[in-house]
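Scroll down for the structure; my scribbles are underneath it.
In this chain, numbering begins with 1 at the start of the sequence shown. The figures that follow rest on heavy atoms only: side chains count, while hydrogens, waters and symmetry mates do not.
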Amino acid sequence: MKTGIFIIAAALGLALFAVPDTPAQAWWWWHRGPDISLELSGSNFTTSSQDSTTGEDYGTPSLLGAVSTSLQSGIAKGKSGRPIFSAQTVIDAAGADSRCGVLPGAGLSTTAVFTYKDGSILSVTTDDDLSFYCFQPTVVDPDTQAPITGIFSVDFEGTVTGGTRRFEGATGTWVGSAEAEGGRVTAHVEIDLD
């Protein structure tokens, strides 16, 4: 009886270690999801604008849905820890975009950095062809019909561009979604490291 138990244990040991050189994440029975999954909360501020007719930079915030650059920062929480985040997003002018249905939208470019308490840093950037926003005006100026307030719904997709300490030499991919209204932003990000 003991011999049979040892044979079974040895066979199971071989089955676990004598496997092809394939990541365990790829096996359906072992898939554990993304390496990093974070919920973000913070601020969103438009920092620049440019007159579309003259190209002159006024340095004041753009109208909502116009070409602009904005900065986001805040806190995140998830199974990998509680980093702070900072990001810069450049958006194209809102217009007809099939990804948004009847709402106006456009592409965007974002670079984000996650900084952990132990000093580890992880940076990501978007793939400009796959990342976009849709804009829902909530209040418009009755005279000019320009949006006064609105909600930005964002879908991100991109690559991991590096890191320090525990993320030294990091590569991989990431996806995310966000919603920004006024100075507030919330987001969900999932990062798969190679």
Minimum side-chain heavy-atom gap P83-T115 below 4.5 Å: no
Residue pair L40 / V189: nearest heavy atoms and the distance that separates them: CD1-CG2, 4.0 Å
F114 side chain near F167 side chain, heavy-atom distance below 4.5 Å: no
Between Q72 and T89, a side-chain donor and acceptor under 3.5 Å: yes
Heavy-atom neighbours of R99 CZ exceed 12 at 6.0 Å: yes
Test item: T171 and T159 side chains (from C-beta on) under 4.5 Å apart, heavy atoms: no
Side chain W174, main chain L193, donor-acceptor under 3.5 Å: no
L122-F85 co-clustered via ILVMFWY side chain contacts under 4.5 Å: yes
Euclidean distance, I121 CD1 relative to E168 CD, rounded to 0.5 Å: 10.5 Å
N/O donor-acceptor pair under 3.5 Å between Y133 side chain and A94 backbone: yes
Distance in Å, I75 CD1 paired with I84 CD1, rounded so as to fall on 0.5 Å steps: 10.5 Å
Donor-acceptor under 3.5 Å (S123 side chain, G163 main chain): no
Note, T110 side chain near V154 side chain (heavy atom, < 4.5 Å): no
Donor-acceptor under 3.5 Å (R165 side chain, D118 main chain): yes
N44 side, atom CG; E181 side, atom CD - distance, nearest 0.5 Å: 11.0 Å
For S131 against T126, the heavy-atom pair lying closest together: OG-CB, 3.3 Å
Spacing of E39 atom CD and T186 atom OG1 [to the nearest 0.5 Å]: 8.5 Å
Inter- and intrachain pairs under disulfide bond (SG atoms under 2.5 Å apart), touching residues 125-194, at least two apart: C100-C134
Side chains of F152 and I91 in contact at under 4.5 Å (non-hydrogen atoms): yes
pair E179-I151: side-chain heavy atoms closer than 4.5 Å: yes
